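Only one structure is covered here, and it is reproduced in the block below.
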Amino acid sequence: MIIVMKPGASREQINAVSERLVELGFKTHPIYGQEKTVIGAIGDKKALSSEAIINLPGVEKIVPIMKPYKLVSRELKDTPTIVRIGGVPVGGRGLVVMAGPCAVEGEEQLLEAARAVKAAGAQVLRGGAFKPRTSPYAFQGLEEKGLKMLARVREEVGLPFITEAVDTRDVPLVAEYADAIQIGARNMQNFRLLQEAGATGKPILLKRGLAATIEEWLMAAEYILDSGNPNVILCERGIRTFETSTRFTLDLAAIAVVKENSHLPVIVDPSHGTGSWRLVLPMARAAVAAGADGLIIEVHPDPARALCYGPQSLHPETFDRLMGELAPVALAVGRGLALNGLFPEQAGTLAAGK
């Protein structure tokens, strides 16, 4: 349920309500707004006497949350959440592009990719140090060696980076190096991993499971928020259907559904969603037009020699072309694409002339 505080309620009154809810066995999640503060209360309603709360000083009303997911719901928080990855805001007016190789193969490859994507306008570097693969014989990543490479390249190029944690045992190590932690599609319902990653306080990118409903996806995000971490970004990356002409079916309608039901930012992965670099460009444009807050795209200096998912990786020149195509689409739907490190508030006229 939501405890709505009166406008002007003092911090002491808010704390008193929170303390009373905790005494009654509830977890509390205060959200401080410009005009009003609301307190999300998660627990057994049977343990609550509404009179015990409604009569407390500063309380305006109690509103039940009807959705099975509580903390990620727009019923609790109607304003969009902005998550920052190393200072880069995801969920604001600016469209954020994360790009880089699927897997870190070596420092030279990573550095070349990072320089290229930054020059084209990407704001976050992606790169996998741990790679969960369908085959146990496929390249599994460089692990801590790859994390150290990502950290060195971050210092040299100046891009924060996001990388995947695939096991609870790896979470502390990944959190030590990364600016944000990715939870892959195959781990979307690995609830212990979600809790461990959430407990780090790092921004979490949660990919939709390849057979997950939107409600299941949002319930997975609920685990992270329930761990005390509000910094969650949802990522639509395609679902498995009967269609075989693409690797997965990229569900762009999910963007609108999530936006209607949740305050969390949502980005799209057209690389995994299609499995073909030729389809990445049109699907990236479509995702922006549909309201995505950003994109995560695979870029490799030499896709033909990539150790992981080369057919869906863009060559740097193609990525540069894509970034040029995204700017007018973003502006057409009231968004802005950061150019030369500037976000829309700083670069609106620059973007219009791209």
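Keep in mind it's a predicted model, so treat the numbers as computed, not measured.
For Tyr32, the ring pair (Phe, Tyr, Trp, His ring centres under 6.0 Å) test picks out no residue, with sequence neighbours left out. Under the side-chain contact (heavy atoms from CB on, under 4.5 Å) criterion, Leu279 pairs with Thr246, Thr274, Ser276, sequence neighbours left out. Here Arg84 pairs with Pro89 under the side-chain contact (heavy atoms from CB on, under 4.5 Å) rule; sequence neighbours left out. For the ring pair (Phe, Tyr, Trp, His ring centres under 6.0 Å) test, no residue two or more places apart in sequence or in another chain qualifies with His300. Scored by the side chain to side chain donor-acceptor pair (under 3.5 Å) test, Glu243 finds Ser245 as partners (sequence neighbours excluded).
In summary, Glu215 and Lys67 do not engage in a salt bridge, as defined by a charged side-chain N under 4.0 Å from a carboxylate O. Salt bridge status for Glu325 with Arg321: present, with a side-chain N to carboxylate O gap under 4.0 Å. Ion pairing of Glu155 with Arg152 is absent here, as no side-chain N (NZ or NE/NH1/NH2) approaches a carboxylate O to less than 4.0 Å.
When the shell of 6.0 Å around CD of Glu108 is examined, it contains 12 or fewer heavy atoms from other residues, nucleotides or ligands.
Distance check, rounded to the nearest 0.5 Å: CG of Leu331 to CG of Leu326 gives 11.0 Å. For the atom pair Leu234 CG and Thr81 OG1, the distance stands at 10.0 Å (nearest 0.5 Å).
Among pairs with a residue in residues 227-238, those fulfilling salt bridge (charged side-chain N to carboxylate O under 4.0 Å, His left out) read Arg208-Glu236, at least two apart in sequence or across chains.
Note: Tyr223 and Phe191 have parallel aromatic rings, judged against thresholds of 30 and 60 degrees for the angle between ring planes.
In this structure, Leu264 and Val258 have side chains that are not in contact, with every pair of non-hydrogen atoms separated by 4.5 Å or more. Side-chain contact between Pro7 and Glu60: present, with at least one pair of heavy atoms (C-beta onward) separated by less than 4.5 Å.
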Evaluation steps, side chain to side chain contact (heavy atoms under 4.5 Å, CB included), between Val38 and Met5: CA-CA 6 Å; Val38 301; Met5 303 299 292; over 6 Å; no
